[in-house]
Amino acid sequence: METIRTTEIGQHVGQRVRLRGWVHNLRLLGGVSFVVLRDGWGTAQGVTQDETALAPLTDAGLGMETVIELAGQVVAEPQAPGGVELHDLSIEVLTPVADPPPIPINKRQIKASLPTLLDHAVMANRHPARRAVFRLAAGTMAGFRATLGARGFTEIQTPKIVASATESGSNVFEIDYFGRPAYLAQSPQFYKQIMVGVFERVFEVGPVFRAEPHDTTRHVNEYVSLDVEFGFIEDHFTVMTTARDVIAGIIATLEDSYAAELDLLNARLPAVPAAIPHIHFADAQDLILQRHGVDVRGEPDLSPQDERWLAAWAQEEHGSDFLFVTGYPMSKRPFYTHPDPTRPGYSNSFDLLFRGVELITGGQRLHLYANYLDALARADYPVEPFETYLEAFRFGMPPHGGFAIGLERLLMQLLELPNLRLATLFPRDLNRVAP
RNA sequence: GGGCCCGUGGUGUAGUCGGCUAACAUACUGGCCUGUCAAGCCAGAGAUCGCGGGUUCGAGCCCCGUCGGGCCCGCCA
């Protein structure tokens, strides 16, 4: 007898097969009984009019989430969900479960507050709708890798334990590294730039750690960063073109291979324009004054409200869920940011807004050693902690740039979730380090 | 770090100008039920209303404190 997945059952009509999984639901109607089995991919239904077939469950007082092997004859039956079901059942209990789960996971929707859901994420993540979110996370990473791989990018893994709190200093987690201080990497930025000197084009999928005490629906303290960096660019617009293609590649991957999950979650996939509209930071501020009468000119950054306004404008003016904002002021960007050679004070950097939330930050980096020395001096940083980083520039780096996508941000916006934590398997935030 | 708000059975809620034996849904237990698919119907068990103190004849409800949590802003992906 062949052991199959629930999602394959339609291909086995007429055969006797075995499924393995969890008791997702049990409906005893008197003369007829249904057992819904959930495996790692989906659910399938077994039917019996012989109550002794369910005896291994019912006699032992077992309930939901009991792990079983369910064998039966695959029958096409219009009344069955999906049109196919198992008859002539035999059940073997692999792992008995008698206690009810802390939150029901066999209802269409989970009825639990966010804290309860996160407290029981171990169980909540078994729910088909929750699980679909994380299957889409896998699809996003797969699409990211496929798109970049096809363009000659090499995947790298850079260290997450680093020696110096380099980029901005305050927002890193310090750890005890055999008696010396070390830090959890807040970004693979320096290493991915260094690796441009090795592979020319690199990308990384990995965790980053931010010790910021922010407490919002769109921040956590550990998240997955989809990082890209590559050489021989013209300027940040070259980087933006690649960023656009990567987003389009991810969306296409989801559309092609994750239809069931998208459907289950009622996802509204965005159209990715051939060229995503872009607006300069200074023009964006003018636009906000013009459209909303709020003068944010002189502010060094856009507020969340500003970003929502700009997103609304991009939607009206260009019919786009995406908008690049370019040329952020140098003062708000890290020291390695390449300045705009034609516009002092502004940078060759960009953010990508997706449905009103920052999804990507990127830009052109400095590539000349001398410029790095100047930039560090201007930022009042000592050179010593940066010496390994600077070695790359002393010995020749091409004009280069890159960007980073927040994986959970992408999912949150894609699925229109009200909280980033709902796109995170086991979120780490200001007051949660478990489960 | 600043501001606003919320803690009631396992879970989600109602009850909050003080007067209940704390209500409803779901989950759970038992019974009925031959096509369920958020199964249905009947019955049952399950909460000293986050914790501590105070006001009062009387506190889930008012006051103070404390703990836990949520949202917005700052900051960022």
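Each chain gets a letter, A, B and so on, in the order the sequences are listed, and its residues count up from 1. Note that the coordinates shown come from a computational prediction; the quantities given were computed from them, not determined experimentally.
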Pick base, sugar-phosphate or nothing for [X], based on heavy-atom distances below 4.0 Å to the nucleic acid.
{"X": "A/L28", "answer": "base"}
{"X": "A/D351", "answer": "nothing"}
{"X": "A/L29", "answer": "base"}
{"X": "A/Q45", "answer": "base"}
{"X": "A/E85", "answer": "base"}
{"X": "A/V224", "answer": "nothing"}
{"X": "A/I405", "answer": "nothing"}

Between [N] and [M], how many Å separate the two [atom1] atoms, rounded to a whole number?
{"N": "B/G7", "M": "B/A45", "atom1": "C1'", "answer": "25 Å"}
{"N": "B/G31", "M": "B/A14", "atom1": "C1'", "answer": "30 Å"}
{"N": "B/G50", "M": "B/U8", "atom1": "P", "answer": "6 Å"}
{"N": "B/C41", "M": "B/C4", "atom1": "C1'", "answer": "46 Å"}
{"N": "B/C62", "M": "B/G15", "atom1": "P", "answer": "12 Å"}
{"N": "B/G69", "M": "B/C32", "atom1": "P", "answer": "46 Å"}
{"N": "B/G65", "M": "B/U13", "atom1": "P", "answer": "27 Å"}
{"N": "B/C24", "M": "B/G9", "atom1": "C1'", "answer": "12 Å"}

Quick one: do [X] and [Y] make a salt bridge, cutoff under 4.0 Å?
{"X": "A/R268", "Y": "A/E416", "value": "yes"}
{"X": "A/R428", "Y": "A/E408", "value": "no"}
{"X": "A/E155", "Y": "A/R145", "value": "yes"}
{"X": "A/R131", "Y": "A/E261", "value": "no"}

Protein-nucleotides 24-29 of chain B N/O pairs under 3.5 Å:
from: B/A27; atom 1: OP1; to: A/K107; atom 2: NZ; distance (Å): 2.7

Taking C-beta and beyond as the side chain, do [X] and [Y] meet within less than 4.5 Å on heavy atoms?
{"X": "A/T140", "Y": "A/L226", "result": "yes"}
{"X": "A/Y328", "Y": "A/D301", "result": "yes"}
{"X": "A/F144", "Y": "A/V228", "result": "yes"}

Subject >> Between CG on residue A/D340 and CG on residue A/D235, distance to nearest 0.5 Å >> reply: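 So the CG of A/D340 and the CG of A/D235 are separated by 9.0 Å.
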Original post:
Under the ring pair (Phe, Tyr, Trp, His ring centres under 6.0 Å) rule, what pairs show up with a residue in residues 25-83 of chain A, not counting sequence neighbours?
Top reply: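 Of all non-adjacent pairs touching residues 25-83 of chain A, none passes ring pair (Phe, Tyr, Trp, His ring centres under 6.0 Å).
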Can you measure [X] atom [atom1] to [N] atom [atom2] for me and round it to whole angstrom units?
{"X": "A/L359", "N": "B/C76", "atom1": "CG", "atom2": "P", "result": "16 Å"}
{"X": "A/E51", "N": "B/C33", "atom1": "CD", "atom2": "P", "result": "11 Å"}
{"X": "A/Q49", "N": "B/U36", "atom1": "CD", "atom2": "C1'", "result": "12 Å"}
{"X": "A/L54", "N": "B/U34", "atom1": "CG", "atom2": "P", "result": "15 Å"}
{"X": "A/L117", "N": "B/G12", "atom1": "CG", "atom2": "P", "result": "9 Å"}
{"X": "A/D119", "N": "B/G10", "atom1": "CG", "atom2": "C1'", "result": "13 Å"}
{"X": "A/Q305", "N": "B/C73", "atom1": "CD", "atom2": "P", "result": "8 Å"}
{"X": "A/L430", "N": "B/G2", "atom1": "CG", "atom2": "C1'", "result": "14 Å"}

Going by atom types only, do [X] and [Y] share a side-chain donor-acceptor pair under 3.5 Å?
{"X": "A/E51", "Y": "A/T58", "value": "no"}
{"X": "A/E85", "Y": "A/Q45", "value": "yes"}
{"X": "A/S113", "Y": "A/K111", "value": "no"}
{"X": "A/T48", "Y": "A/D50", "value": "no"}
{"X": "A/R210", "Y": "A/Y223", "value": "yes"}
{"X": "A/T116", "Y": "A/D119", "value": "no"}

Write down the partner of [N] under the Watson-Crick or G-U wobble criteria, each distance required to be under 3.5 Å.
{"N": "B/G65", "value": "B/C51"}
{"N": "B/G1", "value": "B/C73"}
{"N": "B/G44", "value": "B/C28"}
{"N": "B/C57", "value": "B/G19"}

With a 4.0 Å limit, can you tell me whether [X] has a side-chain N or O closer than that to the phosphate oxygens OP1/OP2 of [N]?
{"X": "A/N25", "N": "B/C37", "result": "no"}
{"X": "A/T361", "N": "B/A77", "result": "yes"}
{"X": "A/R108", "N": "B/A38", "result": "yes"}
{"X": "A/R27", "N": "B/C37", "result": "no"}

Original post:
Do the ring centers of A/Y389 and A/Y372 come within less than 6.0 Å of each other?
Top reply: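 They qualify: ring centres under 6.0 Å apart.
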**OP:** Step through it carefully: locate the ring centre of A/F386, locate the ring centre of A/Y336, and say whether they are under 6.0 Å apart.
**Re:**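 Judged by ring-centre distance (under 6.0 Å), A/F386 and A/Y336 do not meet the cut-off.
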Original post:
Does A/R210 or A/P81 map to a spot on RNA chain B nearer the 5' end, using the closest nucleotide for each?
Top reply: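 On the 5' side of the pair lies A/P81.
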Subject >> Toward the 5' end of RNA chain B, by each residue's nearest nucleotide, A/E307 or A/H87 >> reply: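 The residue whose closest nucleotide sits nearer the 5' end is A/H87.
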Flag, side chain of [X] to backbone of [Y], donor-acceptor distance under 3.5 Å:
{"X": "A/K192", "Y": "A/F403", "result": "yes"}
{"X": "A/E65", "Y": "A/V97", "result": "no"}
{"X": "A/R409", "Y": "A/H219", "result": "no"}

**OP:** Check each residue of residues 127-147 of chain A for a non-hydrogen atom within less than 4.0 Å of any atom in RNA chain B, then write out the ones that pass by number, or none.
**Re:**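 Of all residues in residues 127-147 of chain A, none places a heavy atom under 4.0 Å from RNA chain B.
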**OP:** Output the residues of residues 30-42 of chain A in contact with RNA chain B, where contact means a heavy atom of the residue under 4.0 Å from an atom of the strand; sort by number or write none.
**Re:**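 Nucleic-acid contacts, sorted: A/G30, A/G31, A/V32, A/F34.
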Grab the N/O contacts between the protein and nucleotides 66-72 of chain B below 3.5 Å, and write none if there aren't any.
from: B/G69; atom 1: OP1; to: A/N431; atom 2: O; distance (Å): 3.4
from: B/C71; atom 1: OP1; to: A/N419; atom 2: ND2; distance (Å): 2.4
from: B/C72; atom 1: OP1; to: A/T217; atom 2: OG1; distance (Å): 3.3
from: B/C72; atom 1: OP2; to: A/T217; atom 2: N; distance (Å): 3.3
from: B/C72; atom 1: OP2; to: A/T217; atom 2: OG1; distance (Å): 3.3

**OP:** Please confirm whether any donor atom in the side chain of A/H214 sits under 3.5 Å from an acceptor in the base of B/C76, or the reverse.
**Re:**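 Absent.
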Short N/O separations, protein against nucleotides 6-9 of chain B, under 3.5 angstrom:
none

